[in-house]
Amino acid sequence: SAVISQKPSRDICQRGTSLTIQCQVDSQVTMMFWYRQQPGQSLTLIATANQGSEATYESGFVIDKFPISRPNLTFSTLTVSNMSPEDSSIYLCSLLASGVGNEQFFGPGTRLTVL
Amino acid sequence: GEDVEQSLFLSVREGDSSVINCTYTDSSSTYLYWYKQEPGAGLQLLTYIFSNMDMKQDQRLTVLLNKKDKHLSLRIADTQTGDSAIYFCALGGGYQKVTFGTGTKLQVIP
């Protein structure tokens with residue numbers, strides 16, 4: 001399976017600021033995804049990040065709040081803009097493997113706390 | 001949309017078998033997955049099953065799929081303390097959107 005790293009692993013931020021989370025993969029992948037996991041909750045898909053096109057956002061998520069970049073096939077960023085305490089979550093990137101099961105593999109996550 | 005439900009908590013004794021259950025509403029998913037999340041960590045893919053299969057065994061893990069009842073289960077044989085984690089079922093795969101269950105916290109008592 002691919003090796004996925006995220007930076008930062010955790011951060012504590014002030015209300016109204018923005019944080020950019022980086023996701024790096026050790027191999028080229030077509031589809032990458034960004035998820036949010038609020039405290040004690042399951043995962044919710046924010047958007048699908050495709051290289052060379054704009055990200056596709058799920059209902060309830062908008063580009064102005066969560067801008068995404070996908071400059072190449074091994075890297076993506078998610079920015080959490082104008083943060084509020086409700087944005088405190090774990091943010092995870094994942095990739096779609098090209099194997100038989102079309103599995104998604106996940107990065108270690110970024111734990112964000114907004115004060 | 002798809003609803004994927006799991007019981008919140010399961011407690012078993014070390015050495016016993018654990019069975020984690022998952023029910024869903026939409027039967028169109030091609031793949032059904034089980035993920036493990038240890039405290040402070042990301043998600044680890046444990047195993048998956050195709051929707052046209054009834055059972056899959058992988059070492060200590062057995063996945064059972066009852067398509068009629070829309071029920072998926074994960075059995076962990078000889079449960080160890082290292083198996084303590086939150087387990088998520090997930091449906092979808094490929095270019096389908098993956099929907100995650102609510103998660104079951106497994107506590108293994110030594």
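In what follows, chains carry the letters A, B, and so on, assigned in the order in which the sequence lines appear, proteins first and then strands, with residues in each chain numbered from 1.
- For Gln6(A), no part lies near chain B; criterion is any non-hydrogen pair under 4.5 Å.
- A 4.5 Å side-chain heavy-atom check between Gln104(A) and Tyr35(B) finds at least one atom pair inside the cut-off.
- By the 6.0 Å contact criterion, NZ on Lys65(A) is enclosed, its count of non-hydrogen atoms from other residues, nucleotides or ligands being greater than 12.
- A single hydrophobic cluster is seen to contain both Phe66(A) and Leu112(A), as judged by linkage of ILVMFWY side chains at heavy-atom distances under 4.5 Å, directly or through other members.
- Comparing Gly40(A), Ser42(A), Gly107(A) by how many heavy-atom pairs each has under 4.5 Å with chain B, the most go to Ser42(A).
- If you measure heavy-atom distances from Gln37(B) to chain A, the contacts under 4.5 Å come from the side chain alone.
- Under the 4.5 Å side-chain heavy-atom criterion for grouping Ile, Leu, Val, Met, Phe, Trp and Tyr, Val29(A) is not connected to Ile21(A) through any hydrophobic cluster.
- Thr99(B) places none of its side-chain heavy atoms less than 4.5 Å from the side chain of Leu43(A).
- Aromatic ring centres of Phe106(A) and Phe100(B): separated by under 6.0 Å.
- Heavy atoms of other residues, nucleotides or ligands lying less than 6.0 angstrom from NZ of Lys7(A) number 12 at most.
- Atom CD of Gln107(B) has more than 12 heavy atoms from other residues, nucleotides or ligands within 6.0 Å.
- No chain of hydrophobic side-chain contacts below 4.5 Å, direct or via other Ile, Leu, Val, Met, Phe, Trp or Tyr residues, connects Leu92(A) to Phe75(A).
- Interface check for chain A: of the options Gly103(B), Ala90(B), Gly101(B), the most heavy-atom pairs under 4.5 Å are formed by Gly101(B).
- Within a 6.0 Å sphere centred on CZ of Arg10(A), heavy atoms belonging to other residues, nucleotides or ligands number 12 at most.
- Atom OH in Tyr48(B) sits 4.5 Å away from atom CD in Glu103(A) (nearest 0.5 Å).
- Nearest approach of Gln37(A) to Phe88(B), heavy atoms of both residues: NE2-CZ, 3.5 Å.
- Atoms CZ and CG, from Phe105(A) and Leu43(B) in turn, are 12.0 Å apart once rounded to the nearest 0.5 Å.
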